[in-house]
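Quick note: residue numbers are just sequence positions, from 1.
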Amino acid sequence: MKWFDNTALTLVIIGAVNWLLIGIFRFDLVAFILGNLSWGSRIIYTLVGLCGLYLISLFGRIGSMSQTEDAM
């Protein structure tokens, strides 16, 4: 599952950089590359959102890892 965590994290970072570009420069990189609300851009936005929701579980896993390390 580690590869999935890394892939999800990479997609969320790409989404965060896109939002940074939108916030600072009003430039949507995904829309520029794939078209404004085309099927391709909608798929990318959906994947980034789903990965973000999946990574919410990372909080629980990090907490359980730190408790395991504290017990050692």
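Placement of Trp19 and Phe32 in two distinct hydrophobic clusters is found when ILVMFWY residues are connected by side-chain heavy-atom separations under 4.5 Å, directly or transitively. Connection of Trp3 to Tyr54 is established within a shared hydrophobic cluster, with ILVMFWY side chains joined at heavy-atom distances below 4.5 Å, either directly or through further cluster members. Residues Ile33 and Tyr45 are members of one and the same hydrophobic cluster, defined by side-chain heavy-atom contacts under 4.5 angstrom among Ile, Leu, Val, Met, Phe, Trp and Tyr.
The shortest non-hydrogen separation linking Leu37 to Arg42 is O-CD, 3.8 Å. Of all the heavy atoms in Val30 and Asn18, the pair that sits closest is N-OD1, 3.5 Å.
Rounded to the nearest 0.5 angstrom, Leu58 CG and Leu9 CG are separated by 7.5 Å. Here the straight-line distance linking atom CG of Leu11 with atom CG of Leu50 works out to 10.0 Å at 0.5 Å rounding. Expressed to the nearest 0.5 Å, how far OG of Ser38 lies from CD1 of Ile43 amounts to 8.5 Å. In this structure, Thr46 OG1 and Trp39 CH2 are separated by 9.0 Å, a value rounded to the nearest 0.5 Å.
Not one N or O on the side chain of Ser41 forms a donor-acceptor pair closer than 3.5 Å with the backbone of Leu34. Panel note: side chain Asn36, backbone Ala31; no donor-acceptor pair is recorded below 3.5 Å.
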Query raised in the report: Hey, mind stepping through Arg61 and Asp5 against side-chain contact (heavy atoms from CB on, under 4.5 Å) and telling me if it holds?
Result: CA-CA 11 Å; Arg61 289 185 280 152; Asp5 291 343; 2.7 Å; yes

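Screening Leu53, Thr7, Leu55, Leu47 for a side chain to side chain contact (heavy atoms under 4.5 Å, CB included) involving Val12 leaves a single residue, Leu55.
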